[in-house]
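The block underneath contains the structure these notes are about, expressed in structure tokens.
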Protein chains: 2
Amino acid sequence: MIRVWIADDHTLFAQGLSRALEGIPDIRVVGIAASGAELLDSIVNQPAEVCITDLEMPGGGGGAVLAALDDTPVIVVTMHAEVPQREAAAAAGAAGFFSKSAPLSTIVAAIRAVAAGETLDVSDSETTQAILDRYAKAQLDPGAASLTDREREILSHLARGVSATDELAEILFISQKTVKNHLASIFQKLAVSDRTQAAVEAIRLGLAEEN
Amino acid sequence: MIRVWIADDHTLFAQGLSRALEGIPDIRVVGIAASGAELLDSIVNQPAEVCITDLEMPGGGGGAVLAALDDTPVIVVTMHAEVPQREAAAAAGAAGFFSKSAPLSTIVAAIRAVAAGETLDVSDSETTQAILDRYAKAQLDPGAASLTDREREILSHLARGVSATDELAEILFISQKTVKNHLASIFQKLAVSDRTQAAVEAIRLGLAEEN
DNA sequence: CGGTGAATGGGGCGCCCGGCCCACTGCGAA
DNA sequence: TTCGCAGTGGGCCGGGCGCCCCATTCACCG
């Protein structure tokens, strides 16, 4: 579980990014700040493995964050992704640099990469891309990662509110007994004890959107 | 259920806003576009009640959207929320105008307001705020709206994976029988038949974050 | 060719869940 | 003051859920 702090004066962006990251099973947003100073104040009580910050902010921008946080990797996400900003951020110690035009999946991969100790060289986009590819897929819990296709399919229905054994059997064209067998296997892998907890976990893992 | 289109070349912002709005029970994001032209192309096949767009975008900005969509209200959300932009957007027929520094709750209220036919006068912030206050709370399903405090409390625990009757009773300091009575009342109000469906619905209604 | 695991089924069993009655207390509104 | 409702609690009962055994088929892999 990678804990992340977000600092951005564009509240909508920060809240939206936070919500989006909440859908990533191995990432948790522990706080949102509207300025670099606010972030530095709060991160003491609420530590994190990675910080995401904008550069230009009223009341202390990302530069202060880069200067103050030596042991926590900082990813800079800004609108003005020109070469001067890239180089300035890199010189200040940024572990990554991305435009707000980048897709969510890129930021997610970058968070995992810098959390693992990687530094994304802003001047070498090829190497950066290669590193991001290696961190593209979520580091799922050992249990969730071993789910089979059929089990994931059942979980997606559970996450949408199809909970009765007979309904699941009808949808999947299998006997009720097989549904219960799959569920028993799911319970074990997710370390839960009933289908309600399995549904909650399935939603957290983002399985509701599949199929 | 208010259907919303989002057009913004800042992919991260658009995806984040989309995710954030998905947590609002009476709003559904039906599409994301990276430019105004892309939005106008796609909205034909996938209609919506409200559009949210940035102004400056490569490949057709929000101006084209404002000009083309007469019957669908358009909310402009941009970083440069200066007076000239506000007035230009209003003259072009924007139903609302907000900075990306605005909190999510403001945008949510604005979506509901313009979906109901209101026009948010960009030059009169007092009147605008009064209108937004009236649309601050979600238009919940008749069932969900009649939930009592205790029922909401139980749902919030369900949404976090506390599903067993004895655990719920222990947390709430009441007997297991009372827990089951509350659950029976919840099932009726939410039109569901078991606690798994209730948990899924509770998460959809955003009750997991409460308490 | 044998092994492993996924997917499909079966039987039995104990217990909890959900549905249906009911009662009492306390608070606020009519 | 009376009425309604939220919150608390009880009893009863049938059915479904979760858990434990088991078998068969098929694909893949060493």
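Side chains included, hydrogens not; waters and symmetry mates left out as well; all remaining heavy atoms used. Convention: sequence-line order gives letters A, B, ...; per-chain numbering from 1.
The listed nucleotides are D:dG18, D:dG9, D:dA6; the one nearest the side chain of B:Thr148 is D:dA6. With distances taken from any side-chain atom of B:Asn181 to the nucleotides D:dT8, C:dG10, D:dG18, the minimum falls on D:dT8. Listed nucleotides: C:dG12, C:dA7, D:dG18. Nearest to the side chain of A:Lys177: C:dG12. Among the nucleotides D:dC17, C:dT8, C:dG18, the one closest to the side chain of A:Ala164 is D:dC17. The side chain of B:His182 approaches D:dG7 more closely than any other nucleotide in the set C:dT8, D:dG7, C:dG18.
Going from atom CD1 of A:Ile154 over to atom C1' of C:dA7 covers 10 Å, rounded to whole Å. If you take CD of A:Glu151 and C1' of C:dA6, they are 9 Å apart, rounded to a whole angstrom. Counting to the nearest Å, the C1' atom of D:dC17 and the CG atom of A:Leu183 are 10 Å from each other. Straight-line distance from the CD atom of A:Glu167 to the C1' atom of D:dC17: 15 Å, rounded to whole Å. Atom pair B:Arg195:CZ and C:dC16:P shows a separation of 11 Å (rounding to whole Å applied). In this structure, A:Leu168 places its CG atom 13 Å from P of C:dT8, rounding to the nearest Å. Spacing between atom CD of A:Gln188 and atom P of D:dC19 amounts to 9 Å, rounded to whole angstrom units. In this structure, A:Gln176 places its CD atom 14 Å from P of D:dG15, rounding to the nearest Å.
Checking the phosphate oxygens (OP1, OP2) of D:dC17, a side-chain nitrogen or oxygen of A:Thr165 falls inside 4.0 Å.
Within 6.0 Å of CD in B:Gln176 there are more than 12 heavy atoms belonging to other residues, nucleotides or ligands. Residue-environment remark: CZ (B:Arg28) stays at or below the threshold of 12 foreign heavy atoms within 6.0 Å.
Along DNA chain D, the nucleotide nearest to B:Lys180 and the one nearest to B:Arg150 differ in position, and the one closer to the 5' end is contacted by B:Arg150.
The side chain to side chain contact (heavy atoms under 4.5 Å, CB included) test with A:Ile111 is passed by exactly one of A:Asp26, A:Ile52, A:Thr106: A:Ile52.
A side-chain donor-acceptor contact under 3.5 Å links B:Arg152 to the backbone of B:Leu147. B:Arg150 contributes a side-chain N or O that, together with a main-chain N or O of B:Leu172, makes up a donor-acceptor pair within less than 3.5 Å.
Looking at heavy-atom distances under 4.0 Å, A:Ser193 makes contact with sugar-phosphate atoms alone, never a base. Across all strands shown, A:Thr178 has heavy atoms under 4.0 Å from base atoms, whether or not it also approaches the sugar-phosphate.
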